[in-house]
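One structure is given below, encoded as C-alpha cells.
Protein chains get the first letters and strands the later ones, always in sequence-line order, with residue 1 at the start of each. Atom set for the values below is all heavy atoms of this structure, side chains included, hydrogens, waters and symmetry mates excluded.
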Amino acid sequence: MPVLQSRNLYKDFGAVEVLKDINLSIEAGEFLVLVGPSGCGKSTLLNIVAGLETASAGDILIDGQIVNDVAPKDRDIAMVFQSYALYPTMTVEKNITFGMRVRNVPRREREEALQRVAKLLHIEHLLRRKPSQLSGGQRQRVAMGRALVRRPKLFLFDEPLSNLDAKLRAQMRGEIKQLHKRLGATIVYVTHDQTEAMSLATRIAVMSDGKIVQLGAPQDLYDRPNSIFVADFIGSPAMNFISGRIQARDAKPVFVADHDGAPLALPVDHYDFGGDFGGGVEGDLRDGQELILGIRPEYVTSGAANHHGAVSVDFELVPSLMETNGFDQHIVFEFCGAELVGRFSSKESVEVGRPHRVHLDLSEISLFHAESKVRL
Amino acid sequence: MTSGQADTRAGLMRSTPLRSAPLRRAGRPWTATLLRGLLFLILGLFVLYFTLPLFVMIVTSLKSLEEIRQGSLLGLPQEIELTSWATAWGSACIGVSCHGLRPYFWNSILLVVPAVVISTAIGAINGYALSKWRFPGSDVIFGLMLFGCFVPFQVILLPMAITLGKIGMAGSVSGLILVHVVYGIGFTTLFFRNYYVAVPDELVKAAKIDGAGFLAIFTQIFLPLSIPVMVVTVIWQFTNIWNDFLFGVSFSQGGSQPITVALNNIVNSTTGVKEYNVDMAAAIIAALPTLLVYVVAGKYFIRGLTAGSVKG
Amino acid sequence: MKSLLDRHLPKIVVAPSFAAVLFFVYGFIGWTVYVSFTKSRILPKYELVGWLQYEKLFATPRWYVALDNLFVFMVLFVAIAIMIGLLLAILLDQKIRAEGVIRTIYLYPMALSFIVTGTAWKWLLNPGLGIEKVVRDWGFPDFKFDWLIDPEMAIYTVVMAGVWQSSGFVMALFLAGLRSINEEIIRAALVDGVGPFRLYFHVIIPSLRPVFVSAVIVLTHLAIKSFDLIIALTHGGPGYATDMPATFMYAMAFSRGQLGQAAASATVMLATVSAVIVPYLYSELRRKA
C-alpha cells in the first residue's frame with residue numbers, strides 16, 4: 001500500500017489556482033522530489049500533505065486512510081523547513097524533544113530517542129546550545145534531528161538546503177542521501193534546485209503552474225524529457241534547442257534547420273518516433289512540420305577529439321563565448337540562429353572567434369513539437 | 001535567520017558604525033574643525049534648552065518663597081529647603097483636603113499596575129492570534145482596533161461617563177482601570193502583532209507538526225520570545241497611564257483621582273499664597289516614576305515611541 | 001469537539017477585545033454622533049433635531065477661537081518640532097561620542113506628563129518671576145515677556161512648551177530613519193563625488209519621506225488632541241484666548257452642561273482626525289499586507 005497518495009488534489013486562493021489535479025502515489029522507502037520553479041505550487045502541495053493547509057478539492061491519503069481532516073500532529077509525519085524553524089528560546093535538546101514532551105512521552109524514552117538522533121547526526125556536543133549559537137549547517141542538523149527523533153511514517157522536506165552555502169549544501173545533500181538509505185525512510189522533498197533533485201531522488205515530479213508535468217526516475221527525466229519545459233529545467237548547462245522542420249529524404253526523416261541562410265540537414269531516422277513517423281513523413285507528422293530539436297551540451301564536443309557516435313555530424317563553428325570550470329569548459333557557438341552550448345574537455349584549446357571543429361552526437365536527441373512544446 | 005528572531009526591530013540603538021561623518025569630509029582640516037565646533041555648539045545649546053526647565057524646577061523646589069521672590073530664577077539656592085517637598089508630598093491642600101500628593105500617588109499606583117498588566121496580557125494574546133492565526137476578517141478586526149488608538153478621546157468621554165455611572169464604577173479607581181485597559185488594547189495589540197509578524201510562520205508550522213496547539217505554542221514558544229516587546233509595551237502603557245490627565249479628570253473625583261489631576265489642582269488652586277516651590281516639588285514628584293523608568297530603560301521607551309510610526 | 005474548539009480558539013481569544021472595541025469605541029462614537037444631532041443639554045435627549053447643534057456651534061465665537069488656536073498651534077507645533085527634530089537627528093548622526101547621553105537629554109521631556117511640562121513652563125514664563133525677571137536682572141530693566149497673560153500671544157507659549165516636549169521624540173524618529181537608510185546608497189553617492197550638503201539635501205532627506213509622513217501624522221494627532229498642556233499652562237486663558245477644541249468640548253460637557261455642543265464639537269474633532277489618520281492607516285496596512 002502506498003504510504004502517501006494524493007487524489008485529484010486542487011487548491012485555489014481565490015481566483016488563483018495553485019494546484020490543479022495532483023495525483024501522486026508514494027511507496028514505502030521512496031525518495032520523491034518535487035521540483036519546479038518558484039510559484040509552481042510545490043510548497044503548497046507539501047503543506048497540504050502536512051495538514052498545514054487544506055486542499056480545495058481532492059484527498060490526501062496516508063497509509064490508505066483519508067487524512068483531509070486530520071490535524072498535522074496526528075498524521076504521523078515530520079517536516080524540515082527551509083528556515084529550520086528552530087524554537088529560538090529552547091536548547092537543541094529541548095528543540096528535538098519538544099514534540100515528545102507535548103505528547104507526554106516518558107522521560108526515559110525521550111532521552112533514548114534524543115541520544116539516538118544526536119549520535120546519528122553528530123550533534124551530541126551541541127545539545128545544550130541555543131539555536132542562535134549554531135552555524136547554518138548545525139541548525140540544519142538539529143532541524144533534521146527534530147524530524148528524525150519520532151520515527152514518523154513520512155518525512156517532508158521543504159527546501160531544507162537552500163539557506164546553506166554551496167559547499168555545505170553539497171555535503172548535507174550527501175548526508176541526507178545516506179540517511180535515506182540507512183533508515184529506509186519515505187521522503188517527500190521540495191526543492192527548486194534540479195541538481196539536488198537529480199542527486200537525491202528515486203523519483204522526481206517536475207511541477208509547473210500547479211501541475212505535475214512529468215514524473216519519473218531522474219535518469220528518465222534527463223534522457224527523455226516529455227516537454228521542452230522539463231528538458232530545459234533539468235540539466236545544467238541546459239539542453240540546446242534548435243528550431244527547424246521535419247522532412248522526408250529518401251523515405252527517411254531528416255531535421256532541417258537554417259544555418260547561415262542555408263538549409264542544413266541533420267539525420268534523425270534513428271529517433272523513436274513511436275509511430276508518428278512511418279517510413280515516409282506521415283501519421284501525425286506533416287512533411288515540413290515545425291519541430292524543435294534538443295541536444296544536451298555533453299553531446300556537443302570537439303571534433304578534434306574524434307568521437308564516433310552512432311549518428312553524428314561535424315561542423316566548423318565559431319566560438320562566441322567560453323566559460324571554464326576547471327574540469328571542463330562550456331563553449332557557446334552560434335548555430336542555426338540560436339546559441340549552442342558544447343561541453344569540451346578543459347584540455348581542448350579553443351579561442352573565441354577562431355573557427356573550431358564541433359562534433360554533434362545525435363544519438364541522444366529529443367524532438368519536440370514546435371507548437372505544443374511536447375515531445376514526439 | 002533563526003537567531004535574529006529575538007530582536008527583530010532594527011532599533012535606534014544599532015551599534016554598528018555608521019557612515020563616516022559626511023560633515024567631516026568637507027574640504028580642508030580647518031573648515032572641518034570649524035564645522036565640528038559649530039556642531040558641538042548647537043548640540044550644547046539644545047542640551048541647555050532641554051535641561052533648563054528641569055533645572056529651574058529643581059532649584060525652585062529647594063528655595064524658600066522669600067528667595068524665589070528676591071533671587072534669580074536660574075540661581076542656585078543659597079540654603080537648601082526641603083520643606084516644600086514635605087509639603088507637596090504630605091500636606092499641600094487639594095481642595096479642602098490637605099494631605100499632599102501622597103494619597104494620589106498611591107491612587108496612581110493602584111491604577112497603573114493592574115491596567116498595565118491586564119492590557120499587556122490582552123495585547124500579547126491578541127497580537128499572537130491576529131498575526132499567526134489569521135482568520136477571515138482578522139485584518140479588519142486589527143484595523144478597527146488600531147483606529148481606536150487614534151480616536152480623539154473627546155468623542156467617547158460622554159458615553160463613557162454615562163456607562164461608568166450605569167455599571168456603578170463612576171468615580172472609582174476600578175472604573176479608571178477599565179477605561180485605560182479598553183483604550184490601551186489597540187496599542188498593546190499593535191506592538192505584539194508587529195513583533196510577532198516578524199517571527200517566521202514556519203515556527204508555528206513546526207510546532208503544529210510537533211503536536212502543539214494554539215495555547216501551547218503561545219505559552220511555550222511565543223511568550224519566551226516576547227521579553228523585549230513586553231518590556232516595550234509595559235513601559236509604553238505605564239508612561240501613558242501614569243501621565244494621563246483627561247481620563248483622570250473626567251472619570252474620577254475626590255479621593256480616587258490620579259496624581260496628574262492632583263498636581264494640576266495644587267498648581268491651579270487659587271486660594272492662599274502661591275507656593276511656587278511646592279508646585280515645583282509636586283511636579284517633580286509626579287514626574288519621578290516615569291523619569292526613573294526612562295532613565296533605567298530608555299532604550300525600550302524609545303522603541304515604543306518609534307514602533308507605532310516607523311516601519312522599515 | 002476538542003479539535004473544533006482548537007480551530008476556533010484564535011477567534012474566541014480575540015472576541016472579547018473585539019467586542020469591547022466595538023462597544024467602547026465604535027458604539028460610543030455612534031452615541032456621540034447621534035447626540036450631536038439632538039437637543040441634549042444637561043441630560044441626553046434622543047429626539048433628532050438635525051444640524052441644530054452644529055449651526056449653534058459654528059455661531060459660537062469661542063468655537064472659532066478654539067479652531068483658530070488649533071490651526072495656529074498645529075501648524076507651528078508640527079513645523080517647528082519637525083525642523084528641530086530633523087536638525088538634531090542630523091547633527092547627532094555625525095558620530096558624536098556622547099551621542100547616548102545627549103540623546104537621552106533631548107528625549108526625556110517625552111517621558112513627562114503634559115501636566116508636568118505645563119507646570120514647569122508656567123513657572124518659567126511667569127511674568128514677574130520667570131524669564132522676564134532673569135533678563136531684567138541681566139541689565140535690561142524694560143524687558144517685557146508676558147505672553148502667558150497676553151491674550152494675543154498666549155497661544156505661542158503653548159507652542160513653546162509643546163515643541164519642548166515633543167521635538168526630542170521627532171529627533172528619535174528621524175534618527176531611527178537615518179539609521180535605517182541603506183548604507184550602500186550613501187557610499188555610492190560619496191563615490192560619485194557628492195558633497196556633504198548635497199548628500200543630505202538630495203539623497204538622505206528625500207529618503208526620509210516616510211518618516212516625515214509619520215512625524216506629521218503623529219504630531220498633528222497630538223495637536224488635535226491636546227488638552228492637558230493647555231489646562232496646565234493657561235487653562236484656556238486668559239479668558240478663553242487659548243481654548244482649543246479639546247478644552248472647549250470638555251467645558252461644554254462637564255462644566256457648562258451643554259451635551260449637544262460637546263457632542264457636536266467632539267464629532268468635528270473626530271472627523272478632522274479621521275481625515276488625517278484613516279488614509280495613513282490604510283496605506284500602512286496595505287503596504288504590509
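The ring-ring contact (aromatic ring centres under 6.0 Å, His included) search around C/Phe114 returns none, not counting sequence neighbours. With sequence neighbours excluded, the residues satisfying side chain to side chain contact (heavy atoms under 4.5 Å, CB included) with B/Ala129 are B/Phe214, C/Pro10, C/Val14.
For C/Tyr106, the parts sitting under 4.5 Å from any heavy atom of chain B are the backbone and the side chain alike. Residue C/Phe254 touches chain B through its side chain alone, counting heavy-atom pairs closer than 4.5 Å. Contact annotation for C/Val273: only side-chain heavy atoms (C-beta onward) come within less than 4.5 Å of a heavy atom of chain B. For a residue to count as touching a neighbouring chain, one of its non-hydrogen atoms must lie under 4.5 Å from one of that chain's; by this rule C/Met160 touches chain B with the backbone only. Proximity to chain B (any heavy atom under 4.5 Å) is restricted, for C/Leu281, to the side chain, taken from C-beta onward.
Atom CG of B/Leu52 is separated from atom CD1 of C/Ile131 by 7.5 Å, given to the nearest 0.5 angstrom.
Across B/Leu144, B/Val140, B/Asn126, a single residue satisfies side-chain contact (heavy atoms from CB on, under 4.5 Å) together with C/Phe18, and that is B/Leu144. When the options C/Leu129, C/Asp137, C/Leu124 are evaluated for a side-chain contact (heavy atoms from CB on, under 4.5 Å) with B/Leu73, the one that passes is C/Leu124.
At a cut-off of 3.5 Å, with distance as the only test, a side-chain donor of B/Thr60 or C/Trp123 sits close to an acceptor on the other residue. Side-chain atoms of B/Lys274 and C/Asn126 form no donor-acceptor pair, as typed in the model, at a separation below 3.5 Å.
Note: B/Asn243 leads B/Val151, B/Asn243, B/Thr260 in heavy-atom pairs under 4.5 Å with chain C. Interface remark: of the candidates B/Gly143, B/Gly148, B/Ser250, B/Ser250 forms the most heavy-atom pairs closer than 4.5 Å to chain C.
Outside the 6.0 Å centre-distance limit, the rings of C/Tyr108 and B/Tyr294 are not counted as a close aromatic pair.
Relative ring orientation between B/Tyr183 and C/Phe24 is described as perpendicular, the plane-to-plane angle rising above 60° on a 0-90° scale split at 30° and 60°.
A 4.5 Å side-chain heavy-atom check between B/Phe147 and C/Tyr26 finds at least one atom pair inside the cut-off. With contacts defined as side-chain heavy-atom distances shorter than 4.5 Å, the pair C/Trp121/B/Val56 does not qualify.
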